[in-house]
Number of protein chains: 2
Amino acid sequence: MSARTRSLTHAHPTEVSLQDALDAVGDPVRRAILRELAGTPDWTRACGTFDLPVTKATRSHHFAVLRAAGLVEQRDEGARRLNRLRRPEFDRRFPGLLALVLAEPG
Amino acid sequence: MSARTRSLTHAHPTEVSLQDALDAVGDPVRRAILRELAGTPDWTRACGTFDLPVTKATRSHHFAVLRAAGLVEQRDEGARRLNRLRRPEFDRRFPGLLALVLAEPG
DNA sequence: TACATTGTTCGATGAACATCGACCATATCA
DNA sequence: TGATATGGTCGATGTTCATCGAACAATGTA
């Protein structure tokens, strides 16, 4: 594991409050990230490959929020940062919540 | 039905967006209202009987948000405004969401 | 009628947060 | 080595929204 990857602050869903989870999924850009992430296999999408109407600074902020909420796991692959949706863990902690997000139309 | 009751703007959960639902349950005061409401039978709690750390102006605002999100139904009984949690309707529209709120500690 | 209770509306205020541009760090490639 | 690509950090900005006090309306009660 690289030093960059090691420095990432992740939270496991079990240690996330309902408030933080709701705040995380309360933003439409973050929900778009989650839906796009759910449509492809784990560890295949870098942060920059998402189709989002915001600059990379904002994008980076949103990924940090998703990490802190236990929704996304990240790992560095060279210069790119790959993502994984923590679906089973998050589902166990907040049953039904992620399904609502993924079922939301576009 | 009184004129005051008639003038209340309710939304059925089916016509509520996920965004509005998440915004509604995203506030801790509103979640406290929902939990307190779930603990007593329908139409037995007036707005003023809830134990909340806000003034009545703020309280009134929160009830309006909950009405617009399809979470609470209201009816006037004299000078008091009684409430009902729209649990089955809301559950059908957003499965699992209300359960997360009601399961939240204190 | 006068008073108390219940709740809404209005305007103002303060805080939280999404957003941006600019700059920096690291990794890959020519 | 220099150039490009990917992504994070920082400070500033603007908007949204929860909150409040004050004024108002409607109901119930003495």
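Per chain, numbering begins at 1; letters A, B, ... match sequence-line order. Every value quoted in this text rests on a predicted model; they were computed, and no experiment measured them.
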J.: Membership question, hydrophobic clusters at under 4.5 Å side-chain separation (ILVMFWY): are B:Leu8 and B:Leu82 in the same one?
T.: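 No, B:Leu82 does not connect to B:Leu8 through the hydrophobic network.
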J.: Reading DNA chain C in the 5' to 3' direction, which nucleotide is the first one with an atom under 4.0 Å from a heavy atom of chain B, and which is the last?
T.: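 Nucleotide range in contact with chain B: C:dT6 to C:dT9.
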J.: For A:His10 and A:Arg67, test the side chains for any donor-to-acceptor distance below 3.5 angstrom and give the result as yes or no.
T.: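 There is no such pair (donor and acceptor under 3.5 Å, judged by atom type) between the side chains of A:His10 and A:Arg67.
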J.: Tell me, yes or no, whether the heavy-atom count around A:Gln19 atom CD, taken from other residues, nucleotides or ligands under 6.0 Å, exceeds 12.
T.: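 Enclosed.
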J.: Over all strands shown, is A:Ala64 touching base, sugar-phosphate only, or nothing at heavy-atom distances under 4.0 angstrom?
T.: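 Since no nucleic acid heavy atom lies under 4.0 Å of A:Ala64, the category is nothing.
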J.: Indicate, with a heavy-atom threshold strictly under 4.0 Å, whether B:Arg4 touches base, sugar-phosphate, or nothing.
T.: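 Counting heavy atoms under 4.0 Å across all strands, the contact made by B:Arg4 is with sugar-phosphate only.
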J.: Could you tell me whether the side chain of A:His62 reaches within less than 4.5 Å of the side chain of A:Arg59, counting heavy atoms only?
T.: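 SC-SC contact between A:Arg59 and A:His62 ruled out.
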J.: CZ of A:Arg84: more than 12 outside heavy atoms within 6.0 angstrom?
T.: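 Counting neighbours around CZ of A:Arg84, more than 12 heavy atoms of other residues, nucleotides or ligands fall under 6.0 Å, so yes.
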J.: Show me the side-chain donor-acceptor pairs of residues 93-106 of chain B shorter than 3.5 Å, one per line, residues at least two apart or across chains.
T.:
from: B:Arg93; atom 1: NE; to: B:Pro13; atom 2: O; distance (Å): 3.4
from: B:Arg93; atom 1: NE; to: B:Val16; atom 2: O; distance (Å): 3.3
from: B:Arg93; atom 1: NH2; to: B:Val16; atom 2: O; distance (Å): 2.9
from: B:Glu104; atom 1: OE1; to: B:Arg31; atom 2: NE; distance (Å): 2.8
from: B:Glu104; atom 1: OE1; to: B:Arg35; atom 2: NH1; distance (Å): 2.6
from: B:Glu104; atom 1: OE2; to: B:Arg31; atom 2: NH2; distance (Å): 3.4

J.: Which whole-number value in Å describes the distance from A:Glu77 CD to D:dT6 P?
T.: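 To the nearest whole Å, that distance equals 15 Å.
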J.: So, the side chain of B:Asn83 versus the backbone of B:Arg45: is there a donor-acceptor pair under 3.5 Å, distance only?
T.: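 Checking the backbone N and O of B:Arg45 against the side chain of B:Asn83, a donor-acceptor pair under 3.5 Å is found.
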J.: Please determine if a side-chain N or O atom of A:Arg80 lies less than 4.0 Å away from the OP1 or OP2 oxygen of D:dG7.
T.: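 Checking D:dG7 against A:Arg80, no side-chain N or O comes under 4.0 Å of OP1 or OP2.
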J.: Report each atom pair, protein N/O against N/O of nucleotides 16-23 of chain D, whose distance is under 3.5 angstrom.
T.:
from: D:dA18; atom 1: OP1; to: B:Arg30; atom 2: NH2; distance (Å): 3.0
from: D:dA18; atom 1: OP2; to: B:His61; atom 2: NE2; distance (Å): 2.7
from: D:dT19; atom 1: OP2; to: B:His62; atom 2: NE2; distance (Å): 2.4
from: D:dC20; atom 1: OP2; to: B:Thr55; atom 2: N; distance (Å): 2.8
from: D:dC20; atom 1: OP2; to: B:Thr55; atom 2: OG1; distance (Å): 3.4
from: D:dC20; atom 1: OP2; to: B:Thr58; atom 2: OG1; distance (Å): 3.2

J.: B:Asp76 has an atom CG; how far is it from atom P of D:dT27, in whole Å?
T.: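 In whole Å, D:dT27 P and B:Asp76 CG are 8 Å from each other.
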J.: Determine, using the 4.5 Å side-chain heavy-atom cutoff (strictly less than), whether B:Leu52 and B:Val25 are members of one ILVMFWY cluster.
T.: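 Cluster IDs for B:Leu52 and B:Val25 match.
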